[in-house]
2 protein chains.
Amino acid sequence: MAGSRTLKAGPPRPTPPVRVRRKRADQYHHGDLRRALLDQAVRTIQLHGVDELTLRGVGRDLGVSRTALYRHFADKAALVEAVAAQGFRTLRERLTEAWTQGGEGGGGFAAMAAAYVHFALEQPSHYRVMFGAALDAASCDPDLTVEGAGAFQALVDAITWQQREGLLRDDDPLQLANYVWSVVHGISMLALDGRLRANSDEIDLLVSFAVKRIRTGIEKLDP
Amino acid sequence: MAGSRTLKAGPPRPTPPVRVRRKRADQYHHGDLRRALLDQAVRTIQLHGVDELTLRGVGRDLGVSRTALYRHFADKAALVEAVAAQGFRTLRERLTEAWTQGGEGGGGFAAMAAAYVHFALEQPSHYRVMFGAALDAASCDPDLTVEGAGAFQALVDAITWQQREGLLRDDDPLQLANYVWSVVHGISMLALDGRLRANSDEIDLLVSFAVKRIRTGIEKLDP
DNA sequence: ACCTGAACACCGTTCAAGT
DNA sequence: ACCTGAACACCGTTCAAGT
């Protein structure tokens, strides 16, 4: 319930900031306000969803004026894009961790898929923002583009590694990566939307089923 | 650019209604206002995206008061859910058409996948609404639930048909359907978000590549 | 540079009142 | 039953003014 996009939600609640700073009226924020605004936006989104994110609310939570934000972000869209970029950075970390800890290869690849879906399910609102913030591909924040490409690259790297080892078909690695990404993204989004009619254990089962089907579909046959 | 979710868009333009009905001030709408509101909402969403859909705008386009809508829909969320339900109805038609015209079997299955992605790409804003309207799975419009399940059923039917013919593995058809749905939904969403860095021809190539990989992954091996 | 409050043009929603 | 305008409590954004 919390954590999903809502068209209309309950009464607005203040999201407690990490550092409570009740500044007196004659003081400035003086600190990394940009960082503080971004962190608070992430926190609000994770707790209450994007639709409850208001510039006024973020300002209020930080004890700062309604319009202070415009010194650091062009507008609300820019703030949300920064949140999305942050999400892709975290996602890439999770994926590379899974790849190495899963043992680089078939096991690592399966671990990556599971880590991807878990990331989406653990922070549904944040994940939604990552894939809905783009107005259109062209006009979006370059930082967001870079971080999005970075997360995708973790997947491409794992695929080319396996191709070099002769584990996967010699198709275009980008096409293979797009295919695999589509599967995990599709599972994540359908699960978030509650369209898989499945609890978290059943989703795990679907993920491991999907990993097996993917592998059968793209593994290299003996030469 | 038009047709994608936007956080902030250009100046609001009126969406021309199909039947221009300039009623005089002393008249009622008297007709299927619910239907007219729904159609106008679909039109506005397809032309300008969800974020430009306002109750006031829909009323204005239809020459009706700002609040007339509340006689037919509980609130804005209910209107959007009705739009989503409408979308699933259309999607199911497209899928079953593709299945029969594609020749029921491997060809029909491939045609369904292509039809699915084309539907999403042709009406991106409408497709987005279909998969973002749900507050949470429980509290959503029963009509939306029914229509969503109906579209999914078209896929399940195609799978069980192929299983009966011995073309597909004897796995749980629901799990197979969830897997296949995840792939086409994933491709559609990534393409809509401009994250596949591909034009429409390249997306077609990805779809046919994906169909081959899916088939290799789930086809029945000779006994 | 950085921050402020007042003001502007929007929203969705409620409600007493009209036919 | 169906529709109406006025009113309420919100928004994002702009801007002249403060330090």
Side-chain angles (χ1 to χ4, degrees), chain A residues 5-15 21-37 40-41 44-45 48-83 133 135, chain B residues 5-15 21-37 40-41 44-45 48-83 133 135:
Chain A
R5 282 181 65 244
T6 61
L7 282 158
K8 185 199 149 197
R13 318 142 260 194
T15 306
R21 71 160 51 238
R22 297 303 310 161
K23 71 194 225 336
R24 286 192 302 281
D26 58 346
Q27 287 182 239
Y28 288 88
H29 180 273
H30 279 151
D32 195 343
L33 179 55
R34 196 196 131 90
R35 187 76 235 170
L37 289 163
Q40 185 63 20
T44 303
I45 286 173
H48 309 303
V50 219
D51 295 325
E52 281 204 45
L53 178 75
T54 68
L55 302 190
R56 293 158 119 96
V58 172
R60 199 183 310 127
D61 292 340
L62 257 47
V64 128
S65 126
R66 290 203 261 280
T67 58
L69 182 138
Y70 287 90
R71 288 293 126 193
H72 303 279
F73 297 94
D75 52 18
K76 187 180 182 178
L79 174 63
V80 174
E81 283 173 2
V83 169
L135 182 63
Chain B
R5 282 181 63 242
T6 61
L7 282 158
K8 183 202 151 195
R13 319 141 260 195
T15 306
R21 71 161 48 237
R22 296 303 311 159
K23 69 195 228 335
R24 287 191 303 280
D26 59 344
Q27 287 181 237
Y28 288 89
H29 180 274
H30 278 152
D32 195 344
L33 180 54
R34 195 195 131 91
R35 187 77 233 171
L37 289 163
Q40 185 62 22
T44 303
I45 286 174
H48 309 303
V50 220
D51 294 325
E52 282 204 44
L53 178 74
T54 67
L55 302 190
R56 293 156 119 97
V58 173
R60 199 183 310 126
D61 292 340
L62 258 46
V64 129
S65 127
R66 289 203 262 280
T67 58
L69 181 140
Y70 287 89
R71 287 294 125 192
H72 302 280
F73 298 95
D75 51 18
K76 188 179 183 179
L79 174 63
V80 174
E81 284 173 3
V83 170
L135 182 63

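Below, each value reflects all heavy atoms present in this structure, side chains not excepted, and no hydrogens, waters or symmetry copies. Chain letters run A, B, ... following the sequence lines, proteins first and then strands; every chain starts at 1.
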Sugar-phosphate only, base, or nothing, as touched by Leu53(A) at under 4.0 Å among non-hydrogen atoms: sugar-phosphate
Interatomic distance where [atom1] belongs to [X] and [atom2] belongs to [N] [whole Å]:
X        : N       : atom1 : atom2 : answer
Lys76(A) : dC11(C) : NZ    : P     : 15 Å
Arg60(B) : dT4(D)  : CZ    : C1'   : 16 Å
Leu69(B) : dC2(D)  : CG    : P     : 14 Å
Arg66(A) : dT13(D) : CZ    : P     : 14 Å
Arg34(A) : dA1(C)  : CZ    : C1'   : 16 Å
Glu52(B) : dG12(D) : CD    : C1'   : 15 Å
Leu55(B) : dC10(C) : CG    : C1'   : 13 Å

Minimum heavy-atom distance between Val83(A) and Ala41(A), given as atom pair plus value: CG2-CB, 3.9 Å
Over all atoms of both residues, closest heavy-atom pair of Phe73(B) and Ala82(B): CE2-CB, 3.9 Å
Where the side chain of [X] is concerned, which of [options] is the nearest nucleotide?
X        : options                  : result
Arg71(A) : dC3(D), dC2(C), dG5(C)   : dC2(C)
Thr67(B) : dT14(C), dG12(D), dC3(D) : dT14(C)
Tyr70(A) : dC2(C), dC11(C), dG12(D) : dG12(D)
Leu33(A) : dC11(D), dC3(C), dC3(D)  : dC3(C)

Sequence-distant partners of Arg56(A), side-chain contact (heavy atoms from CB on, under 4.5 Å), two or more places apart: Thr54(A), Arg60(A), Arg66(A)
Separation between CD1 of Ile45(B) and CG of Leu53(B), rounded to the nearest 0.5 Å: 5.0 Å
Base dG12(D) paired with Arg56(A) side chain (donor-acceptor, <3.5 Å): yes
Base of dG12(D) paired with side chain of Thr54(A) (donor-acceptor, under 3.5 Å): no
Among Leu55(B), Leu62(B), Asp61(B), side chain to side chain contact (heavy atoms under 4.5 Å, CB included) partner for Leu37(B): Leu62(B)
Derivation of the side chain to side chain contact (heavy atoms under 4.5 Å, CB included) call for Leu33(A) and Arg71(A): CA-CA 9 Å; Leu33(A) 179 55; Arg71(A) 288 293 126 193; over 6 Å; no
Presence of His72(A) side-chain N/O under 4.0 Å of dC2(C) phosphate oxygens OP1/OP2: no
Contiguous Watson-Crick or G-U pair runs (3 or more, under 3.5 Å) in DNA chain D: C:4-8 with D:12-16, C:12-16 with D:4-8
